[in-house]
2 protein chains.
Amino acid sequence: MNKKIKTILKEDARVKVSGSLWLESDGKHFFGPGPVELLERIAETGSISEAAKQMQMSYKKAWELVNALNMQTKNPVVIPRTGGEKGGGSIITEEAKALINYHREMRKRFTKFLEEETQRLKI
Amino acid sequence: MNKKIKTILKEDARVKVSGSLWLESDGKHFFGPGPVELLERIAETGSISEAAKQMQMSYKKAWELVNALNMQTKNPVVIPRTGGEKGGGSIITEEAKALINYHREMRKRFTKFLEEETQRLKI
DNA sequence: CTCCGTTATATATTTAAAAATATAACGATA
DNA sequence: TATCGTTATATTTTTAAATATATAACGGAG
C-alpha cells in the first residue's frame with residue numbers, strides 16, 4: 001500500500017491540482033482561454049487591435065489567434081472590415097458566441113474536476 | 001439556443017479536447033508529467049545526469065525539477081550520493097514512488113475527463 | 001593518494017518566442 | 001481627394017528560456 005499524498009507533502013504547503021484545457025486539431029492548439037477572452041473583447045470593442053491592447057498582447061499575436069480560429073471553422077468567427085469611418089473594425093459572428101458559450105460550460109466542468117482532484121489530495 | 005459545436009467546426013478537422021495537469025503550491029508548478037518521467041528514469045538509472053540525458057534535458061533543469069520537488073515534501077523524494085565508485089548517484093524514496101503512483105491514477109481520471117469532453121464535442 | 005563520474009553550482013552562450021516597428025491597402029467622411 | 005485608424009503582413013529587435021560550458025567537492029576502488 002502506498003503512502004497517502006497528504007502525509008508526503010509539507011503540511012504548510014497550500015497545494016492544489018491545477019491544469020489547462022484547449023481544443024486542438026492536428027496537434028495544434030487553436031482554442032483556449034486566450035482566444036476566448038480575445039473574442040469577448042473584440043465583441044466589446046469592435047476592434048482586434050483594441051482588444052489586443054486591452055490584453056497587453058501584440059496585434060500580430062491577436063491576429064494569429066483569430067486567424068487560427070477562422071481556419072478551423074466552416075464560417076469565420078471574426079469578420080474584419082478594413083477602411084471606413086473609423087478605419088475599419090471587426091465583428092464576431094454567432095459561431096464565435098457559441099464557441100465562447102461552449103468554453104464557459106466546459107470550463108465549469110473542468111473547474112469541478114480540478115476541485116475534486118484537489119480535495120482528493122487532502123484525504 | 002446556441003449552435004452545436006460540431007456544426008461550427010470544419011467537418012474534416014479531427015478536433016479533440018486536450019489539456020495538461022499539475023500540482024502547484026503558491027502558484028508554482030512543481031509536479032507534472034516531466035518530473036514523473038524524470039523520477040522514473042532516476043529510479044532506473046540511479047543517476048540524475050543519466051536520466052536527464054535520456055530525456056534530452058539539461059542536467060541543470062533536471063536538478064531544478066528534483067530540487068523543486070524536494071522542497072515541497074517533508075522527506076526528500078530523491079537522495080543524492082556524491083563520490084564513490086561510480087562518482088555518485090541518486091536513489092528515489094518510497095515517497096517518490098507514491099507520487100508516481102498517485103500521478104498515474106490522476107492521469108487516468110484526467111484522460112477519462114478529456115475523452116468525455118471530446119465525445120461531447122461531437123454530439 | 002590518484003582516478004572516476006556524479007552532484008551541485010555559477011556563468012556564458014544559444015535558441016526560440018514574443019514584441020516592437022514599419023508599410024501598404026482599405027473605404028467612409030469631410 | 002486627403003485624412004483617419006484599422007486590417008494585414010513582413011521585418012527587426014527584445015526578452016526570456018533553455019542549453020552549454022566550467023569548476024569544485026565528494027568518496028570508493030585500484
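Naming convention: chains lettered A, B, ... in sequence-line order (proteins, then strands); numbering from 1 in each chain.
- Regarding A:E64, its CD atom lies at a distance of 10 Å from the P atom of C:dA19, rounded to whole Å.
- Applying the salt bridge (charged side-chain N to carboxylate O under 4.0 Å, His left out) test to every pair with at least one member in residues 74-85 of chain A, sequence neighbours left out, gives these pairs: A:K74-B:E11.
- Residues passing the side-chain contact (heavy atoms from CB on, under 4.5 Å) test with B:N67 are B:W63, B:M71, sequence neighbours excluded.
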Decide yes or no on side-chain hydrogen bond (donor to acceptor under 3.5 Å, both in side chains) for B:S47 and B:T45, but give the supporting numbers first. CA-CA 5 Å; B:S47 157; B:T45 62; 5.0 Å; no
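- A donor-acceptor contact shorter than 3.5 Å links the side chain of A:T93 to the backbone of A:P76.
- Here the side chain of B:T118 pairs a donor or acceptor atom with the backbone of B:V17 at under 3.5 angstrom.
- A:E95 places none of its side-chain heavy atoms less than 4.5 Å from the side chain of A:T73.
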Heteroatom pairs (N/O) under 3.5 angstrom, protein to nucleotides 26-30 of chain D:
{"unit_1": "D:dC26", "atom_1": "O2", "unit_2": "B:T82", "atom_2": "OG1", "d": "3.1"}
{"unit_1": "D:dC26", "atom_1": "O2", "unit_2": "B:G83", "atom_2": "N", "d": "2.9"}
{"unit_1": "D:dG27", "atom_1": "O4'", "unit_2": "B:G84", "atom_2": "N", "d": "3.3"}
{"unit_1": "D:dG27", "atom_1": "N2", "unit_2": "B:G84", "atom_2": "O", "d": "2.8"}
{"unit_1": "D:dG27", "atom_1": "N3", "unit_2": "B:G84", "atom_2": "N", "d": "2.9"}

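- Look at CZ on A:R81: it is 12 Å from P on D:dA8, rounded to the nearest Å.
- Using a 30° and 60° split on the angle between ring planes, B:W22 and B:H29 fall in the parallel class, below 30°.
- Distances shorter than 4.0 Å separate none of the side-chain N or O atoms of B:S90 from OP1 or OP2 on C:dT6.
- Between the CH2 atom of A:W63 and the P atom of C:dA24 there is a distance of 19 Å, given to the nearest Å.
- Around the CD atom of B:E64, the shell of radius 6.0 Å holds more than 12 heavy atoms that belong to other residues, nucleotides or ligands.
- Within the 4.5 Å cutoff, side-chain heavy atoms of B:L39 are placed close to those of B:L69.
- Within a heavy-atom distance below 4.0 Å of DNA chain C, no residue of residues 30-54 of chain A is found.
- Atom CD1 of B:I91 and atom P of C:dT7 are 12 Å apart (whole Å).
- At least one side-chain heavy atom of A:F113 sits under 4.5 Å from a side-chain heavy atom of B:L21.
- For A:E116, the side chain to side chain donor-acceptor pair (under 3.5 Å) criterion is met by A:K112, not counting sequence neighbours.
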Could I get a table of every N or O pair under 3.5 Å where one atom is in the protein and the other is in nucleotides 14-19 of chain D?
none

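- If you take CE of B:M71 and C1' of C:dA8, they are 15 Å apart, rounded to a whole angstrom.
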